[in-house]
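Here's the structure, in structure tokens; my notes come after.
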Amino acid sequence: MAEMAITRKNNSARDLGLMLVVWSATAIIIAAFTWIIGDFIIHGFERLSWSFLTTSPSNAGRSGGIAPILVSTLLILLIAITVALPIGVATAAFLSEFTRVGGRVRQITTLSLDILAGVPSIVFGLFGNAFFCIWLGLGFSILSGGLTLACMVLPILIRTTQAGLSSVPDEWRRGASALGLSRGAALTHILLPAATPAIAAGLMLGIGRAAAETAALIFTSGYVDRMPSSLDDSGRALAVHIYDLTMNVAGGDANAYASALVLISLLILINSVAVTLTNRYGSQRITAS
Amino acid sequence: MISSKSSFSFLWRNDKILGRVLWASACLSTALLILIAMFLVKESWPVLTSIGITRFITDAGWYPLEKLFGLAPMLGATVIVSTLAVLIAAPLGIASAIFCSFIAPRRIAQAYRSLIALLAGIPSVAYGLWGLTVLVPLIGQFQPPGASLLAASLILSLMILPTIALTTDAAISTVPKSYLQGATALGLTREATIIKVILPAARASIGAGILLAAARALGETMAVLMVAGNVVQFPTSLFDPMRTLTANMALEMAYATGDHRASLFVSGLMLTAIVMALATLAWRLSGGRVHG
Amino acid sequence: MKLEFVSYDECKRADSNIRQLAQPTHEVALAAKGITITYSGARALRDVTLSIARNEITALIGPSGCGKTSFLSSLNRMTDLIPGCKVTGHVYHDGINIHEPKTDVQELRCHIGMIFQKPNPFPLSIRRNLEMPLKEHGLTNAAQRYERIEHALTEVGLWSEVKDRLDQPALALSGGQQQRLCIARALALEPSILLMDEPCSALDPISSAVVEDLIIRLREKYTVVVVTHNLGQAKRIADSVALFWFQDGCGYLVEHTPTDAIFNAAQNAITKAYISGARG
Amino acid sequence: MITMNVLRALGILMAGMSFANLATSAADDTKQPTLAGKLTITGSSTVAPLVAEIGKRFEQLHPGVRIDVQTGGSSRGIADARSGLADIGMASRDLKSDETDIKGHVIARDGIGMIVNAANPVQSLTDAHIIDIYLGKVTNWKDVGGSDMAISVVNKAEGRSTLELFAQHYKLKNSDIKASVIIGDNQQGIKTVSGNPGAIGYVSIGTAEFEAGQGTPIKLLPLGTVAATVENVQNASFPLSRSLTLVTKDEAKDLPKAFIDFARSKDVHDLVKEQFFVPLAE
């Protein structure tokens with residue numbers, strides 16, 4: 001975008017006004033961000049240590065670490081991804097390669113996915129509780145939680161994969177078709193590999209959204225802070241742990257801040273990977289076309 | 001000619017089978033929405049039939065244990081708090097995108113962009129925790145109790161700001177460079193170019209991004225629950241506490257049975273209906289082409 | 001489109017009136033009959049009847065928008081891919097009307113390869129660009145595949161240039177090399193006909209000349225149909241030339257004659273004007 | 001995709017570690033031969049942390065046993081125990097006289113105390129004051145002997161048994177209470193009062209005592225003449241108190257009985273105190 005910067009000098013008052021607004025908005029955002037992150041670092045940093053990450057919580061989470069909670073969180077995310085990724089990519093492939101632009105199928109599916117993306121996470125939680133925990137009999141378990149999150153991240157995955165596929169140059173589609181390749185072959189050998197960075201970025205976004213989730217998990221994966229021994233076990237996710245320590249456990253604040261710091265670092269890591277992938281994807285598109 | 005009926009590739013050669021498989025997963029994805037809607041209706045059915053939908057709007061208050069089921073104040077509060085959050089976040093987000101695209105030197109813009117991405121990475125419980133321990137007492141010093149519409153709007157606006165900033169940034173970057181060259185060639189000032197040419201050209205995508213953010217604000221649960229005060233009432237000032245539909249569900253669901261529980265599902269149903277309306281609006285706005 | 005089976009003989013008979021235009025000593029590789037193409041109801045090309053002689057280069061010329069590329073695409077049913085595009089008429093190849101719904105288009109496109117204006121190698125290695133389609137078409141023997149790849153790359157004169165870097169990305173090749181790679185990719189499938197849509201127009205003059213020479217060499221083994229805007233090129237490479245024109249936004253075929261005739265003794269007024277540069 | 005592989009590897013590793021943990025703990029299973037199985041306990045979020053800790057100790061003693069504790073509310077705990085969804089329900093109140101179809105087992109007691117911000121000069125409030133404050137008849141601290149400051153009334157959300165107990169004690173109807181802030185769990189109440197000089201709320205006495213001891217700016221008000229202390233809850237002189245109850249559908253036997261007996265024994269008194277509740281009198 002730097003090459004778009006306008007170099008022409010201008011002293012008009014309105015231009016100055018715009019600069020003022022933009023700079024102060026930027027300043028406000030940076031200040032708020034520093035304040036929040038600073039608060040978490042100040043309160044959480046001293047508790048943070050290797051042993052915090054590797055020991056079990058004790059005394060209702062006031063002391064001890066978060067090892068089983070990290071494991072549960074990762075397992076929940078793993079299930080969510082394993083389930084959502086194939087369905088999401090398949091749906092996106094269907095929408096972008098097997099339906100027409102402006103066709104009714106694509107419009108209706110896209111609209112319903114947009115709605116799904118906007119459904120509040122707590123509704124997903126209640127749905128997951130009723131459908132996975134009770135109706136399918138999975139109970140409060142990592143499996144239920146993972147499946148619920150899979151439903152939640154599905155629209156995000158589909159949306160980004162679809163965007164990725166649609167920015168693959170049409171020449172490759174035509175080329176593949178002219179060689180007598182089926183759409184399936186074109187998808188597996190050319191289109192999906194070319195859209196991989198976009199899919200990965202969507203995946204990271206989805207994971208980020210899922211890892212930060214509290215409301216959907218309280219009712220599905222539950223509350224147990226023991227090291228899970230199978231996917232049928234209830235397992236407490238990091239965000240649920242923070243919520244419980246903050247709202248329900250006297251003297252839990254220090255560990256809540258430390259856990260929040262861990263979660264923020266985790267999410268920031270995931271997000272930067274997503275951003276990097278998106279950027280690389282953007283530049284790749286330029287070199288390819 | 002190569003035999004085309006090799007057993008290895010026959011599945012792929014037959015696009016019909018692949019098409020069916022992909023179609024089935026697309027159906028699954030679409031069915032999910034229907035499943036969720038059906039489930040919400042099923043769970044709220046007992047009160048919808050025995051009490052009727054009108055009482056959820058007309059009842060004087062929300063005391064389900066005393067058979068009062070007025071959701072209207074929460075519906076109002078949900079809309080008000082989301083609107084306020086968007087009103088706060090949209091100018092900030094658009095300004096920050098302008099900063100990124102036109103004002104900041106390349107390096108600073110890049111650093112700033114990753115900062116915004118980091119802001120997007122803060123989980124909602126963390127915002128809630130910060131709001132509860134820092135923001136609410138701060139507001140409370142001036143205007144007790146502190147937990148209020150203002151606190152909730154501020155926290156929500158912080159949460160949706162990255163979404164608006166990032167989508168606006170992306171929208172601006174898709175405006176053809178020729179517009180900019182044209183405007184500069186006409187001798188327009190930077191301010192006029194941005195306000196009169198670039199933003200209007202990116203209007204549709206920016207709008208879609210804002211609606212996306214609005215949906216996020218409507219659906220946010222935990223952070224709002226922690227800072228909004230949760231009193232069921234129409235907020236009449238910025239400092240009034242209020243309760244949103246999502247907070248209502250989260251606060252009471254675990255403790256609710258019978259009609260109380262079913263009426264909480266009505267909250268969910270209403271919320272989903274609002275989101276549905278919003279999504280349809282966004283879809284209309286962008287002419288059915290929200291995403292590629 | 002009507003469903004009908006037509007034998008090769010019938011097809012020949014049906015085309016007897018066109019065939020007199022082409023060189024009578026050659027067999028017909030492709031015979032288009034009454035091709036009309038519409039896009040979302042709007043006619044883009046009307047009633048083109050044209051037969052393509054085997055082992056010859058047929059050039060389709062004419063101003064932009066007169067339906068040359070659409071017509072070319074209808075010859076291997078690439079028109080199927082364009083939303084809203086409808087083709088009526090018949091194209092006979094090996095005695096079969098390829099526009100019949102039953103046709104296995106994937107196999108058809110192996111027989112009738114297509115090269116595009118802009119080189120479109122896949123974002124894979126040079127080797128994988130050729131290997132992947134072969135594998136997909138069921139050639140499971142690796143040694144055979146390698147032989148085909150080597151042969152195809154040799155045919156386009158690329159083998160000596162790339163044999164040491166087969167596993168490097170195809171997108172790293174120069175434009176002319178990319179286009180020849182695309183031709184090799186089509187040749188590896190052992191087609192009998194190659195359709196080329198302005199294959200040189202995106203290339204620099206030197207690469208363009210290399211590709212042009214290649215096209216001339218290809219005539220020995222393949223039937224080539226090439227769309228070109230470059231009259232000089234048509235003159236240099238084509239055995240016969242079909243001139244398209246348009247009227248009221250709809251393209252049509254003016255005439256199809258041997259190259260010598262069209263450039264040296266054009267009869268038709270439009271042809272004369274186009275060749276002399278007065279129109280088009 | 002690398003990230004996914006790493007994640008997957010990590011997950012497998014972690015799962016492997018936890019299996020290893022299970023295996024080693026199973027190997028220790030020599031001294032207590034009989035008890036084995038899984039207990040699902042659901043209900044009150046107040047009781048949950050305590051029962052979770054008791055469960056962990058019980059699991060250590062009986063390695064074949066797994067105890068899963070899920071939070072909800074007291075009414076949920078009782079409903080789950082009744083329907084058989086849970087082996088044991090948790091309730092943060094005594095069973096009502098009409099709840100005869102289920103059996104309650106008290107494991108600890110908890111007092112509910114009124115708290116105000118430490119900066120508030122008010123040292124005590126009469127019952128009438130509290131009722132007036134909660135009904136919105138008194139809205140400024142100066143009317144009840146404090147400084148000129150607006151009162152922020154902190155109330156609990158509908159369905160919580162703390163609210164039920166509080167309202168019952170003062171004979172209030174929830175719909176008559178004029179709250180300024182409605183909270184969910186206990187700690188939100190403490191954080192709200194500590195961050196707001198004019199706030200008044202009611203929370204669990206044990207946690208409030210602990211938080212006040214940690215320097216959180218809150219103070220407990222006596223109820224009438226009885227100081228809000230853990231001792232007074234234990235000796236039953238504090239009026240606003242409740243039992244933390246485990247609920248079973250029928251007379252407990254086997255594993256549930258063993259667990260309930262353990263939870264009522266002296267062996268867990270330290271845990272009860274750690275969670276700021278009051279152990280049963282000996």
Side-chain angles (χ1 to χ4, degrees), chain B residues 59-70 74 128-148 151 221-222 224-233 239-244 247-261 263-264, chain D residues 42-45 48 70-80 82-83 92 117 139-141 149-164 167 173-185 187-201 216-217:
Chain B
D59 270 9
W62 170 259
Y63 299 100
L65 295 181
E66 297 168 27
K67 300 285 164 214
L68 284 173
F69 296 99
M74 288 186 264
L129 181 53
W130 180 78
L132 184 59
T133 52
V134 178
L135 190 62
V136 167
L138 196 69
I139 298 174
Q141 278 178 13
F142 305 101
Q143 197 78 37
S148 57
T221 312
M222 290 310 179
V224 178
L225 185 155
M226 289 160 97
V227 301
N230 301 316
V231 177
V232 182
Q233 62 179 14
F239 302 101
D240 275 357
M242 51 107 216
R243 187 189 294 188
T244 62
N248 191 37
M249 285 188 275
L251 264 179
E252 300 189 359
M253 186 56 78
Y255 303 86
T257 45
D259 276 1
H260 182 189
R261 186 178 135 88
S263 60
L264 288 175
Chain D
T42 67
S44 162
S45 63
Q70 304 293 351
T71 52
S74 299
S75 38
R76 185 68 167 278
I78 289 168
D80 283 355
R82 196 174 266 149
S83 70
S92 53
N117 192 285
T139 56
N140 196 303
W141 285 108
M149 186 161 51
I151 301 177
S152 295
V153 175
V154 180
N155 194 23
K156 279 212 144 197
E158 182 116 10
R160 312 262 167 164
S161 54
T162 324
L163 165 65
E164 221 172 286
K173 222 170 102 188
N174 190 27
S175 50
D176 295 333
I177 293 176
K178 299 279 182 288
S180 324
V181 178
I182 290 176
I183 53 152
D185 294 317
Q187 276 310 104
Q188 195 180 3
I190 290 177
K191 287 195 170 70
T192 306
V193 174
S194 68
N196 181 344
I200 179 168
T216 309

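Labels below follow one simple rule: chain letters A, B, ... track the order of the sequence lines, proteins then strands, and each chain is numbered from 1. Only this structure's heavy atoms are used, side chains among them; waters, hydrogens and symmetry mates stay out.
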* Taking the side chain as every heavy atom from C-beta outward, state whether Glu158(D) and Val232(B) have any pair of such atoms under 4.5 Å apart. => no

* Structure fact -> Applying a strict 4.5 Å limit to non-hydrogen atoms, the region of Met253(B) in contact with chain D is backbone

* Could you tell me which residues in residues 129-140 of chain B have at least one non-hydrogen atom under 4.5 Å from a non-hydrogen atom of chain D, sorted by residue number? => Leu132(B), Thr133(B), Pro137(B)

* Structure fact -> Honestly, the part of Ile78(D) sitting under 4.5 Å from a heavy atom of chain B is neither

* Structure fact -> Heaviest contributor of heavy-atom pairs below 4.5 Å to chain B, chosen from Ser161(D), Ser45(D), Gly195(D), Gly198(D), is Gly195(D)

* To do: Identify which part of Ile183(D) has an atom lying under 4.5 Å from any heavy atom of chain B, answering side chain, backbone, both or neither.
  => backbone

* To do: For Arg261(B), enumerate each residue passing the side chain to side chain donor-acceptor pair (under 3.5 Å) test, keeping only those at least two apart in sequence or located in another chain.
  => Glu43(B)

* Is it the backbone or the side chain of Lys156(D) that comes under 4.5 Å from a heavy atom of chain B, or both, or neither? -> neither

* Structure fact -> Contacts of Gln233(B) meeting side chain to side chain donor-acceptor pair (under 3.5 Å) (sequence neighbours excluded), chain-then-number -> none

* To do: Under the side chain to side chain donor-acceptor pair (under 3.5 Å) rule, collect the residues that match up with Asn155(D), sequence neighbours excluded.
  => Asn174(D), Tyr202(D)

* Looking at side-chain heavy atoms only, is the closest gap between Lys178(D) and Val231(B) below 4.5 Å? -> no

* **Which of Gly184(D), Ser180(D), Gly159(D), Ser194(D) touches chain B most, by non-hydrogen pairs under 4.5 Å** => Ser180(D)

